[in-house]
2 protein chains.
Amino acid sequence: MNDIAALPDIAGSQPDEPKTLAEAAYRRLRRDIIEGIHPPGEKLRVEHLKDHYAVGAGTLREALQLLVTDALVVAQGQRGFRVAPISLDDFEDITRTRVLLETEALKQSIECGEDAWEANVVAAFHMLSRAETKLEEGNEGNREEWELRNQTFHEVLISASPSRWCRHFQNILYLQSERYRRLSLFRQPISRDVHSEHQAILDAVLARDVEAATSILTEHILRTLEAVRQIPSDVLS
Amino acid sequence: MNDIAALPDIAGSQPDEPKTLAEAAYRRLRRDIIEGIHPPGEKLRVEHLKDHYAVGAGTLREALQLLVTDALVVAQGQRGFRVAPISLDDFEDITRTRVLLETEALKQSIECGEDAWEANVVAAFHMLSRAETKLEEGNEGNREEWELRNQTFHEVLISASPSRWCRHFQNILYLQSERYRRLSLFRQPISRDVHSEHQAILDAVLARDVEAATSILTEHILRTLEAVRQIPSDVLS
DNA sequence: TCAATATATTTTCTCGAGATTTTAATTTAG
DNA sequence: CTAAATTAAAATCTCGAGAAAATATATTGA
């Protein structure tokens with residue numbers, strides 16, 4: 001047996017297969033909403049969607065309820081479901097709340113993290129760096145991979161925090177911000193600043209410098225806000 | 001028309017009638033879980049519950065999914081639903097995360113709140129004080145009312161915060177902590193300290209003193225943690 | 001007696017059809 | 001021609017029955 005197998009899963013981590021049809025439909029729907037296939041504000045008619053996702057009406061209904069949990073879908077009394085709308089104000093709110101939670105979680109992580117956590121951070125950073133290299137070589141097909149590894153890097157950073165609630169809320173907010181980032185990425189490719197910021201966070205983490213790590217992370221997150229501000233308001237529908 | 005009618009609803013506020021059977025069942029189930037009728041860890045069999053709550057199987061299923069949103073119920077793959085377990089560690093986490101979010105929201109509220117917000121805070125405090133007076137007179141039947149007004153007071157305090165996400169997460173955490181508080185209240189009745197703390201928060205808010213208000217609120221919330229620590233561990237099952 | 005396999009029961013999960021409610025279209029009155 | 005009211009269409013919500021899975025029980029062999 002390899003030692004690395006004892007560590008929490010980072011690399012080949014599919015967050016365990018969906019064990020129910022409802023959950024499978026939930027994941028596909030979530031992906032389609034985040035990617036903008038179902039635009040913000042669109043009405044989600046059960047009858048039209050059940051055949052496309054190849055499940056029964058009640059099953060699709062459950063999937064929609066799960067999406068309400070993530071606030072990607074809003075349920076309106078007796079008037080069905082709708083993709084959650086987006087706005088600049090909302091994204092500002094998401095970003096600031098995310099800073100609040102993620103810096104706190106990172107602080108706890110640095111204070112509580114053991115060697116294995118450091119190793120995971122280094123590993124996740126490495127995976128992310130490789131994806132960035134591929135992207136710089138012009139292979140746009142790896143963008144999906146970069147997204148995933150970026151998310152993993154941020155998750156691993158706070159994974160040593162004992163606060164399950166901070167992590168839970170952070171996950172929700174990350175999904176939300178991912179929606180906005182998809183929109184901004186079309187006009188603003190991943191800059192080298194992003195990579196150097198990730199590097200700086202890694203360095204601060206390994207130096208166990210809470211102050212530096214949190215302030216860099218804050219700047220890093222707020223930068224995304226600036227990117228979204230560049231989007232013409234008509235795209236936000 | 002009375003001026004007070006223009007203000008957001010405080011007094012006679014039922015959070016708008018449930019418009020669907022699923023939501024009605026959801027609310028009753030939520031109440032029963034918080035009150036401990038369904039103890040932590042209990043298996044929630046759909047077949048047994050559908051007749052008690054007088055709804056169909058699919059409908060009750062939806063209600064359970066909604067409860068997963070509030071993390072009061074956990075869904076386990078293909079093995080049904082279960083009341084979320086409780087633990088002292090979990091409550092510590094809940095409390096600390098709540099402090100983080102609620103102090104931030106209160107700070108924003110004080111900075112952004114207008115006259116109408118102040119009026120709402122004063123009104124909610126008054127409602128709460130009256131309920132406390134009734135309780136001191138020995139009428140235990142008003143405990144339910146006090147719970148509701150205490151929640152309303154805390155909600156109104158942060159209602160002027162522009163951060164919908166902070167308020168959303170705070171609502172979830174409040175429901176969670178209410179579960180634990182129900183357990184502690186049996187052996188520790190509402191002390192006069194609680195009332196004086198509410199008074200102190202009100203004073204600080206009216207003085208627009210962010211520093212004082214947030215520190216008192218922090219102490220206030222952490223005090224509940226101490227109360228729960230007094231519970232024998234066997235009650236936590 | 002214990003372990004492993006096989007059977008039986010229970011429970012969850014899924015589907016399609018019917019009842020209510022909402023939304024859109026049409027008609028009618030002013 | 002506008003606005004309210006009536007009618008028609010669509011969609012949501014709800015229910016009960018059947019299929020798949022998991023748990024519990026019983027049986028068999030060592």
Side-chain angles (χ1 to χ4, degrees), chain A residues 14-33 37-85 237, chain B residues 14-33 37-85 237:
Chain A
Q14 314 135 282
D16 50 11
E17 296 287 312
K19 288 301 173 199
T20 171
L21 277 187
E23 201 181 334
Y26 155 70
R27 299 214 186 165
R28 279 196 290 163
L29 254 169
R30 187 176 69 177
R31 198 181 125 148
D32 289 349
I33 289 174
I37 294 175
H38 298 298
E42 184 186 87
K43 191 129 208 302
L44 294 169
R45 293 177 197 78
V46 177
E47 295 299 318
H48 290 194
L49 266 58
K50 55 176 271 193
D51 50 357
H52 184 265
Y53 290 95
V55 291
T59 304
L60 189 65
R61 225 183 141 62
E62 275 195 37
L64 288 171
Q65 291 287 13
L66 287 173
L67 284 165
V68 174
T69 300
D70 301 326
L72 288 169
V73 165
V74 289
Q76 321 167 297
Q78 200 115 236
R79 269 166 290 177
F81 298 90
R82 193 174 282 276
V83 178
S237 77
Chain B
Q14 314 134 283
D16 51 10
E17 295 287 312
K19 287 303 173 198
T20 171
L21 276 188
E23 203 180 333
Y26 155 70
R27 298 212 187 167
R28 279 197 290 163
L29 255 169
R30 188 176 68 178
R31 199 182 124 146
D32 290 348
I33 289 174
I37 295 175
H38 299 299
E42 184 185 84
K43 192 126 207 302
L44 294 170
R45 293 176 197 80
V46 177
E47 294 299 318
H48 290 195
L49 267 57
K50 54 176 273 194
D51 51 356
H52 185 266
Y53 290 95
V55 291
T59 304
L60 188 65
R61 226 183 140 63
E62 275 195 36
L64 288 171
Q65 291 287 13
L66 287 174
L67 284 164
V68 174
T69 301
D70 301 326
L72 287 169
V73 165
V74 289
Q76 324 168 299
Q78 201 117 232
R79 272 166 286 176
F81 298 89
R82 193 174 281 276
V83 178
S237 81

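Just so you know, these numbers come straight off a predicted model, no measurement behind them. Order of the sequence lines sets the chain letters (A, B, ...), proteins ahead of strands, with each chain counted from 1.
When side chains are defined from C-beta on, A/Asp32 counts as touching A/Tyr53, because their heavy atoms get closer than 4.5 Å. A heavy-atom distance below 4.5 Å is found between the side chains of B/His38 and B/Leu29. By the 4.5 Å heavy-atom criterion applied to side chains, A/Glu62 and A/Thr59 are not counted as neighbours.
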Report the C-alpha separation of A/Leu67 and A/Leu44 in whole Å, then their side-chain angles, then the decisive distance to 0.1 Å, and conclude whether the side-chain contact (heavy atoms from CB on, under 4.5 Å) test is met. CA-CA 12 Å; A/Leu67 284 165; A/Leu44 294 169; 5.8 Å; no

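One finds a side-chain N or O of B/His48 lying less than 4.0 angstrom from the OP1 or OP2 phosphate oxygen of C/dT11.
Taking atom CZ on B/Arg45 and atom P on C/dT9, their separation rounds to 18 Å, with Å as the unit. A/Leu44 has its CG atom 19 Å from the P atom of C/dT22, to the nearest Å.
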Look for any protein N or O under 3.5 Å of an N or O in nucleotides 13-16 of chain D and output each such pair with its distance, or none.
unit_1 : atom_1 : unit_2  : atom_2 : d
D/dC13 : OP1    : A/Gly77 : O      : 2.9
D/dC13 : OP2    : A/Arg61 : NH1    : 2.5
D/dC13 : OP2    : A/Arg61 : NH2    : 2.8
D/dC13 : O5'    : A/Arg61 : NH2    : 3.0
D/dC13 : O3'    : B/Thr20 : OG1    : 3.4
D/dT14 : OP1    : B/Thr20 : OG1    : 2.9
D/dT14 : OP1    : B/Leu21 : N      : 2.3
D/dT14 : OP2    : B/Thr20 : OG1    : 2.9
D/dC15 : OP2    : B/Gly56 : N      : 2.7
D/dC15 : OP2    : B/Thr59 : OG1    : 3.0

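Each of B/Thr69, B/Thr20, B/Asp70 was evaluated against B/Tyr26; a single residue qualifies, B/Asp70, per the side chain to side chain donor-acceptor pair (under 3.5 Å) test.
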